[in-house]
There are 2 protein chains.
Amino acid sequence: MANEDANAPKAAELIQLLLRASHYIQHEFEAQLVALDMPVQLSGPRLRLLLTVWKSDTIRMNELAIKLGLKARTITEHVDSLESDGLITRIPDPKDRRATLLQLTEEALTHVSRVRYIQEQISERLLQSFSAEQSKDLYELLTLFFDGKEIDFVC
Amino acid sequence: MANEDANAPKAAELIQLLLRASHYIQHEFEAQLVALDMPVQLSGPRLRLLLTVWKSDTIRMNELAIKLGLKARTITEHVDSLESDGLITRIPDPKDRRATLLQLTEEALTHVSRVRYIQEQISERLLQSFSAEQSKDLYELLTLFFDGKEIDFVC
DNA sequence: TATTGTTATACTCTATAACTATA
DNA sequence: TATAGTTATAGAGTATAACAATA
């Protein structure tokens with residue numbers, strides 16, 4: 001009764017498979033991250049924020065919210081926490097006294113570089129069944145999703 | 001200084017792109033779901049639970065926890081909520097008086113079928129830039145991630 | 001003794017609304 | 001008047017630990 005949908009549409013199946021692959025990958029990343037046994041807890045969202053600040057070197061909280069697709073309040077929340085963990089610094093924006101710039105601390109830079117290394121390792125392991133050409137094909141196919149759209153969001 | 005990594009490893013880039021595509025897709029699904037304007041709120045996790053119960057027709061809370069990769073406590077939480085929304089029913093398992101079977105209500109079945117229809121629509125739209133062959137290629141490439149691994153988790 | 005699900009409790013992530021300070 | 005970030009508050013999702021009922 002429930003599973004009568006034998007000739008299910010290919011489109012939905014393909015999308016499901018892609019999401020499944022993505023969840024699987026994220027699961028691997030998270031598992032490896034806790035295995036890293038960092039002095040501070042670097043969850044997915046916290047890490048994503050750190051990496052985004054890192055890429056910009058210095059960035060307004062405002063702009064960060066937009067890039068991450070989060071609300072200002074959420075950025076304040078994370079930054080409070082990351083600041084008290086000694087990972088991020090608030091700097092008054094000299095050009096606009098309402099604004100606040102964010103910058104990573106030395107400690108955060110160390111963590112980021114470690115995490116990035118691990119991410120490379122995991123990525124390579126995840127792609128071990130792929131030939132160079134298959135990787136290239138997959139990359140090009142995935143680009144088709146963003147056909148025409150401007151995508152900026154990170155991680 | 002921060003972005004000196006010009007020749008970044010292809011593997012990490014490809015994985016990032018896949019995750020980005022996945023986030024984009026999930027975003028589309030969530031947006032369409034709220035646009036459906038259902039009588040009850042069907043968030044991602046709640047929907048995933050409903051769909052998993054639906055696929056099994058009837059399932060133990062226990063088994064559901066494993067399939068979804070969640071803890072028993074979390075299942076109790078969701079089921080309490082879905083039950084009070086009239087979407088799910090707890091049935092004592094006749095074979096084991098410790099266990100509880102879950103089943104969808106008629107109302108939930110209506111919602112599930114509507115949601116599945118929408119998911120097909122969105123999936124087709126997301127794949128509009130793909131030729132039949134490109135879809136097939138993508139599907140086969142994605143399968144490589146699960147090379148040898150037994151993957152069951154849904155949605 | 002082990003397993004199923006629950007009560008009690010808590011943490012993380014995210015957000016809305018009202019407010020302060022600046023622009 | 002509009003914008004940047006904060007305080008106060010809340011809701012969703014998930015989990016650990018202790019426990020009850022049953023196996």
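Below, read A as the first sequence line, B as the second, and so on, with proteins coming before strands; counting in each chain starts at 1.
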Do B:Asp80 and B:Arg90 make a side-chain contact, defined as non-hydrogen atoms from C-beta onward lying under 4.5 Å apart? yes
Specify the closest pair of heavy atoms between A:Ser129 and A:Gln134, including all atoms of both residues, with the distance to one decimal. O-OE1, 3.6 Å
Just grab all the ring pair (Phe, Tyr, Trp, His ring centres under 6.0 Å) pairs involving residues 84-131 of chain A, residues at least two apart or on different chains. A:Phe130-B:Phe145
Within this structure, what is the CG-to-P distance between A:Leu68 and C:dT14, rounded to whole angstrom? 9 Å
Kindly give the heavy-atom pair with the smallest separation between B:Leu87 and B:Ala108, and that separation in Å. O-CB, 3.0 Å
Summarise how protein sits on nucleotides 10-19 of chain D as a single string, 5' to 3': B when a protein heavy atom is under 4.0 Å from the base, S for sugar-phosphate-only contact, - for no contact. ---SBBB---
Atom pairs under 3.5 Å: protein N/O with N/O of nucleotides 20-23 of chain D:
| from | atom 1 | to | atom 2 | distance (Å) |
| --- | --- | --- | --- | --- |
| D:dA23 | OP1 | B:Arg97 | N | 2.9 |

Figure out the CD1/P separation between A:Ile75 and C:dT16, and round it to whole Å. 13 Å
Once you round it to whole Å, what is the distance between C1' of C:dT12 and CG of A:Leu47? 15 Å
Please report the distance, rounded to the nearest Å, between CZ in B:Arg60 and P in C:dT6. 13 Å
Specify the separation, in whole Å, of atom NZ of A:Lys67 and atom C1' of D:dA4. 18 Å
Working note: B:Glu28 + B:Ile25, criterion side chain to side chain contact (heavy atoms under 4.5 Å, CB included); need CA distance, chi angles, decisive distance, verdict. CA-CA 5 Å; B:Glu28 288 295 299; B:Ile25 289 166; 5.6 Å; no
Show, in sequence, the C-alpha distance, side-chain angles and deciding distance for A:Glu63 and A:Thr52, and conclude whether the side chain to side chain contact (heavy atoms under 4.5 Å, CB included) test is met. CA-CA 11 Å; A:Glu63 199 186 335; A:Thr52 310; over 6 Å; no
Which atom pair, heavy atoms only, marks the closest approach of B:Leu33 to B:Leu42? CD1-O, 3.6 Å
When you check the gap from the basic side-chain N to the acidic O, do A:Asp96 and A:Arg98 get nearer than 4.0 Å? yes
Return the value, rounded to whole Å, for the distance between atom CG of A:Leu64 and atom P of D:dT6. 12 Å
Rounded to whole Å, CG of A:Asp93 lies from P of C:dA21 at a distance of 19 Å
Rounded to the nearest 0.5 Å, how far does CE of A:Met61 lie from OG1 of A:Thr74? 10.0 Å
Expressed as a whole number of angstroms, how long is the span from A:Met61:CE to D:dT3:C1'? 14 Å
